[in-house]
Amino acid sequence: GAEAAIQASMAGPGSEPGELSDSELLLLLEPGDQALQPGFGVRLKRAQTPLEKYYLKYLCVTDLSTQSWCEQQMVYGRELPQLQVPETVVLLNTGKSIHLARELEVHDVVRVHVTSREDSWAIKILNLLSVIPELQAGGCVRELPVFGVIEDVFLMGIIDELCYSATGELELRELKTRGRPFMPSGAQKKRDYFQVCLYKYIFDAMVQGKLKPDVITSHIQLRPEQPLGSQIREHAQKVGFTVTCFGDLLELMYLNLTLSDIPGIDCLKIEYSHQESNTLLGTEVVRFEEEKVREKAQHYLAYWKGQREVQGVEIEEAWKCQSCSYSEICDWRKKRAEGPEQRSGPKKSK
DNA sequence: ATTGCTGAAAGG
């Protein structure tokens, strides 16, 4: 917080390096700081952004949507996945198997041996490419990979289902299975809305030709000249593509996406269903507001880029902590319990 | 380089 910042900026010569927190390191790097002068004696490490700290070259759409539930929880989830309460794990796994069963209704899943990082990205691209003819034939596709860049951060996601509706609109459907037989709270809906809006944002940019081959190779650090493994080439051939290196596939992806005149997504729907009884609880139609989506994404990505500290939920949403696996160890909660909370702005007079 | 890195989504 602000207090810690003042202390660190006063650290003079002779203070020991090595025991500094991330925020203190950031301060030492302020331009004009005397610690930056040569011969000062403090060995400086550049403060890592969360993206660097976790060695992430890209984020998933669900990283951002879970972040919108609680950013602090999302971070703990990454650091201490084994701490998740068993109840939650069961719920998630049930949802997972329901999704898999639905995927298998529309296509088979085969295992392909990979020999390089380029190979594993080639699989994603082939999965994307193979849905184009299916969509054009008016079919329904599931588990379709999408990628794109927002705020200079590469994002990847998997769209649950994409179909042309009876009225000829391209419709995205996201299935959410639930443990209890009623519609979710506003907070959950909000998270799910954001998730599907991100899918549309990324998908539309992709079919509009904004995802150039070099965007992928530069963000993910892949080599276009890397030869693809034999199993990958074999699989590509089955889908109708003759490729030798990763770059070939990137070019094909770009051409197919832009020349196949697939429209942007017209309609976003979320279907909530009850796990146990397998009954539909309700369908939400989501309004897409590009500017709002971009603003939200910008806010969440600011954390990842090290432009701001991690945040937990506001006091109004502290009820979320009741179902959180990390509530006992949560720094955000501790901070809130201790501090006499110097909120900015005047207090509400009631 | 005081090292190196990834199935996404799964639900409250």
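Letters go in sequence order (proteins before strands), and every chain restarts at 1.
With no hydrogens or angles considered, no side-chain donor-acceptor pair links A:Tyr303 and A:Gln307 at under 3.5 Å. A donor and an acceptor atom, one from each side chain of A:Ser218 and A:Asp214, are nowhere located under 3.5 Å apart. Between the side chains of A:Thr66 and A:Gln73, not a single donor N or O lies within less than 3.5 Å of an accepting N or O. Side-chain atoms of A:Tyr193 and A:Glu284 form a donor-acceptor pair, as typed in the model, at a separation below 3.5 Å. In summary, the side chains of A:Arg178 and A:Gln188 do present a donor paired with an acceptor at a separation below 3.5 Å, with no hydrogens or angles considered. A donor-acceptor contact under 3.5 angstrom links the side chains of A:His107 and A:Glu103, judged on distance only. Side-chain polar atoms of A:Thr115 and A:Asp119 form a donor-acceptor pair below 3.5 angstrom.
For A:Leu92, whose side chain is taken as the heavy atoms from C-beta onward, the closest listed nucleotide among B:dA8, B:dG11, B:dT6 is B:dG11. For A:Val61, taking side-chain heavy atoms from C-beta onward, the closest of the listed nucleotides B:dA8, B:dG12, B:dA9 is B:dA9.
A straight line from CE of A:Met183 to P of B:dG11 spans 14 Å, rounded to a whole angstrom. The CD atom of A:Gln48 sits 14 Å away from the P atom of B:dC5 (whole-angstrom rounding). Protein atom CD1 of A:Ile98 is 22 Å distant from nucleotide atom P of B:dA8, rounded to whole Å. One can place CZ of A:Arg178 at 19 Å from P of B:dA9, the figure rounded to the nearest angstrom. When the P atom of B:dA8 is taken as reference, atom CZ of A:Phe147 falls 9 Å away, rounded to whole Å. What separates CG of A:Asp63 from P of B:dG7 is a distance of 13 Å, to the nearest Å. The nearest whole Å value for the distance from the NZ atom in A:Lys176 to the C1' atom in B:dA8 is 11 Å. Note: CG (A:Leu91) to C1' (B:dA10) measures 9 Å, nearest angstrom.
Between B:dT3 and B:dG7, the two C1' atoms lie 25 Å apart (nearest whole Å). To the nearest whole angstrom, the two P atoms, one in B:dA10 and one in B:dT6, are 23 Å apart. Remark: the separation of the C1' atoms in B:dA1 and B:dC5 is 15 Å, to the nearest Å.
Regarding contacts with the backbone of B:dA9, a side-chain N or O of A:Thr62 is found under 4.0 angstrom from either OP1 or OP2. Within the 4.0 Å cut-off from OP1 or OP2 of B:dA10, at least one side-chain nitrogen or oxygen of A:His99 is found. OP1 and OP2 of B:dT6 both lie 4.0 Å or more from every side-chain N or O belonging to A:Gln221. The phosphate of B:dG11 (OP1 or OP2) has a side-chain N or O of A:Thr177 nearer than 4.0 angstrom. Dashed line: the shortest gap from a side-chain N or O of A:Lys124 to OP1 or OP2 of B:dA8 is under 4.0 Å. The shortest distance between the side-chain N/O atoms of A:Tyr199 and the OP1/OP2 oxygens of B:dA9 is below 4.0 Å.
In this structure, A:Gln73 reaches the bases: a heavy-atom distance under 4.0 Å links it to at least one base atom across the strands shown. Residue contacts for A:Gln195: at a heavy-atom cut-off of 4.0 Å it reaches the sugar-phosphate backbone alone, with no base atom in range. Within the nucleic acid shown, A:Leu175 comes within 4.0 Å of sugar-phosphate atoms alone, with no base atom in reach, counting heavy atoms only. Within the 4.0 angstrom heavy-atom criterion, base atoms lie near A:Lys57. As judged by a 4.0 angstrom heavy-atom cut-off over every strand, A:Gln275 is placed among residues touching the sugar-phosphate backbone only. At the heavy-atom level, A:Leu56 lies under 4.0 Å from base atoms of the strands shown. Within 4.0 Å (heavy atoms only), A:Arg191 reaches at least one base atom of the nucleic acid.
Interface remark: the A:Arg180 side chain does not form any donor-acceptor pair with the B:dG11 base, using a distance-only criterion of under 3.5 Å. If you check distances only, the side chain of A:Tyr58 does reach the base of B:dT6 with a donor-acceptor pair under 3.5 Å. Remark: the A:Glu143 side chain and the B:dG7 base include no donor-acceptor N/O pair separated by less than 3.5 Å.
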